[in-house]
Undergrad: 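Supplied in structure tokens, the structure appears directly below.
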Amino acid sequence: MRVVLAEDVYLLREGLTHLLRAHGIDIVAAVDTGDELLDALAGHRPDLAIVDVRLPPGYTDEGVRAAVEARKRHPGFPVLVLSQYVEQIYARELLADGAGGVGYLLKDRVFDTGHFVDALRRVAAGGTAMDPEVISKLLGGTSPQHPLALLTPRERDVLQLMAQGRSNAAIAGQLFVSEGTVGKHIAAIFTKLDIEATTDTNRRVLAVLAYLNQG
């Protein structure tokens with residue numbers, strides 16, 4: 001997997017570069033501004049971008065704005081935001097195109113290299129990887145008219161775990177139910193959200209994106 005990394009803190013940028021290379025991930029460019037990120041994406045055509053929210057010169061939302069711009073220029077391009085902060089407005093915009101291949105993890109809640117690398121590979125393959133705290137901040141103010149209002153509390157539990165990138169087996173273990181029960185909940189979610197099976201879409205990703213785009 002070929003990755004462009006946008007991180008302004010030198011030690012963290014270098015540390016991530018060495019860590020990921022040790023796991024067989026090719027860091028084709030490591031930059032520290034949003035403009036450099038866009039140039040690196042155009043020049044290297046990587047499989048994934050890892051982007052911090054706050055980058056020079058303003059250290060506000062330059063990174064996630066560049067990620068949104070990258071998705072406009074290259075629809076569906078996989079982006080994983082890795083930050084200390086939840087930037088709600090641009091995070092919602094990043095998710096709004098429904099194209100999958102998106103993640104948002106918090107730096108101080110990444111405790112396991114294996115899980116982190118798995119999240120990168122999942123996003124690069126078109127899936128999602130969302131930190132639960134990010135999800136909770138994005139879900140404020142759900143409209144009662146939204147189709148997600150039709151879901152039962154347990155179905156919402158299942159969908160939230162799907163958003164974190166967990167498998168059916170992992171969801172079953174987390175909720176202390178069988179995998180068959182999880183499968184039935186997921187089928188009900190697809191029906192209530194009117195997500196039909198097609199050959200060119202991933203129903204699981206579409207359900208997660210609908211969940212994250214609510215409000």
Undergrad: Okay, side chain of T181, backbone of V177: is any donor-acceptor separation there less than 3.5 Å?
TA: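 Side chain of T181 to backbone of V177: no pair is present.
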Undergrad: Which atom pair, heavy atoms only, marks the closest approach of D32 to E36?
TA: OD1-OE1, 2.9 Å
Undergrad: F190 and V182: same hydrophobic cluster, using ILVMFWY side-chain contacts below 4.5 Å?
TA: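 Result: yes, single cluster for both.
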Undergrad: From L55 CG over to L37 CG, what is the distance, rounded to the nearest 0.5 angstrom?
TA: 8.0 Å
Undergrad: Answer yes or no: is there a donor N or O on one side and an acceptor on the other, between the side chain of R21 and the main chain of I27, under 3.5 Å?
TA: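 A pair under 3.5 Å: yes.
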Undergrad: Got V3 and I50 here, is their nearest side-chain heavy-atom distance under 4.5 Å?
TA: yes
Undergrad: Is it the case that over 12 heavy atoms from other parts of the model lie below 6.0 angstrom from the NE2 atom of H115?
TA: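 Open: at most 12 neighbouring heavy atoms sit under 6.0 Å from NE2 of H115.
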Undergrad: Once you round to the nearest 0.5 Å, how far does OG of S178 lie from NZ of K184?
TA: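 Between atom OG of S178 and atom NZ of K184 there are 7.0 Å.
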Undergrad: Who are the side chain to side chain contact (heavy atoms under 4.5 Å, CB included) partners of R121, not counting sequence neighbours?
TA: M1, I25, V117
Undergrad: Quick one: hydrophobic cluster around L38, which other residues, with the 4.5 Å side-chain cut-off, linked directly or via members?
TA: none
Undergrad: Quick one: does any side-chain atom of R2 pair with a main-chain N or O of D47 as donor and acceptor, under 3.5 Å?
TA: no
Undergrad: Quick check for you: to the nearest 0.5 Å, what is the distance between D61 atom CG and R54 atom CZ?
TA: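 If we round to the nearest 0.5 Å, D61:CG and R54:CZ are 8.5 Å apart.
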Undergrad: Can M130 be reached from F116 by stepping across I, L, V, M, F, W or Y side chains whose heavy atoms are under 4.5 Å apart?
TA: no
Undergrad: Side-chain contact test, heavy atoms from C-beta onward, threshold under 4.5 Å: evaluate it for T152 versus K192 and give yes or no.
TA: yes
Undergrad: Any chance you could measure D52, atom CG, to L12, atom CG, to the nearest 0.5 Å?
TA: 7.5 Å
Undergrad: Salt bridge or not for R203 and E196, using N-O below 4.0 Å?
TA: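 Between E196 and R203 there is no salt bridge, as every charged N stays at least 4.0 Å from the carboxylate O atoms.
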Undergrad: Restricting to non-hydrogen atoms, name the atom on V110 and the atom on L82 that form the minimum distance, rounded to 0.1 Å.
TA: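 Nearest heavy atoms, V110 then L82: CG2-CD1, 4.2 Å.
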Undergrad: Any sub-3.5 Å donor-acceptor pair from K107's side-chain atoms to S83's backbone N or O?
TA: no
Undergrad: Which heavy atom in D131 sits nearest to a heavy atom in L105, and how many Å separate them?
TA: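 Reported closest heavy-atom pair: N-CD2, 4.0 Å.
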Undergrad: Would you confirm whether R166, through its side chain, and L161, through its main-chain N or O, come within 3.5 Å as a donor-acceptor pair?
TA: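 Side chain of R166 to backbone of L161: no pair is present.
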Undergrad: Only one of V79, V134, V51 clears side-chain contact (heavy atoms from CB on, under 4.5 Å) with Y104; which?
TA: V134
Undergrad: Does I186 form a side chain to side chain contact (heavy atoms under 4.5 Å, CB included) with N168? I'd like the steps, not just the answer.
TA: CA-CA 9 Å; I186 292 174; N168 284 13; 3.3 Å; yes
Undergrad: Are R71 and V102 packed together at the side-chain level, in the sense that at least one heavy-atom pair is separated by less than 4.5 angstrom?
TA: yes
Undergrad: Which heavy atom of P132 sits nearest a heavy atom of Q160, and at what distance?
TA: O-NE2, 4.3 Å
Undergrad: In Å and rounded to the nearest 0.5 Å, what is the CG to OG1 distance from D8 to T33?
TA: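 Atom-to-atom, D8:CG and T33:OG1 are 10.0 Å apart.
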Undergrad: As an exercise, state the distance from CD of E62 to CG of D35, rounded to the nearest 0.5 Å.
TA: 9.5 Å
Undergrad: Same cluster for L5 and V9 if Ile/Leu/Val/Met/Phe/Trp/Tyr side chains link at under 4.5 Å?
TA: yes
Undergrad: Would you check if Q84 and D108 make a side-chain contact, meaning some heavy-atom pair closer than 4.5 Å?
TA: no
Undergrad: Looking at R65 and E69, is any side-chain nitrogen of the basic one under 4.0 Å from a carboxylate oxygen of the acidic one?
TA: no
Undergrad: Within the 4.5 Å heavy-atom criterion, are L120 and L48 side-chain neighbours or not?
TA: yes
Undergrad: Can you see which heavy atom on P46 is nearest to which on F77, and at what distance?
TA: O-CE1, 3.3 Å
Undergrad: Please say yes or no: joined through hydrophobic side-chain contacts below 4.5 Å, possibly via intermediate residues, are V208 and V86 part of one cluster?
TA: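 Shared cluster, yes.
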Undergrad: Determine whether E155 and V158 satisfy the following criterion, side chain to side chain contact (heavy atoms under 4.5 Å, CB included), listing intermediate values before the conclusion.
TA: CA-CA 5 Å; E155 288 165 355; V158 170; 5.6 Å; no
Undergrad: Please step through side chain to side chain contact (heavy atoms under 4.5 Å, CB included) for the pair T128 and R122, ending with a clear verdict.
TA: CA-CA 7 Å; T128 58; R122 192 164 59 246; 5.7 Å; no
Undergrad: Over all heavy atoms of both residues, which pair between A49 and L41 is shortest? Give the atoms and the distance, please.
TA: CB-CD2, 4.0 Å
Undergrad: Does any part of the side chain of I171, heavy atoms only, come nearer than 4.5 Å to the side chain of D157, both counted from C-beta?
TA: no
Undergrad: Could you please spell out the steps behind the side chain to side chain contact (heavy atoms under 4.5 Å, CB included) verdict for T191 and I189?
TA: CA-CA 5 Å; T191 298; I189 291 167; over 6 Å; no
Undergrad: Can you get from M162 to L175 by hopping between Ile, Leu, Val, Met, Phe, Trp and Tyr side chains that sit under 4.5 Å apart?
TA: yes
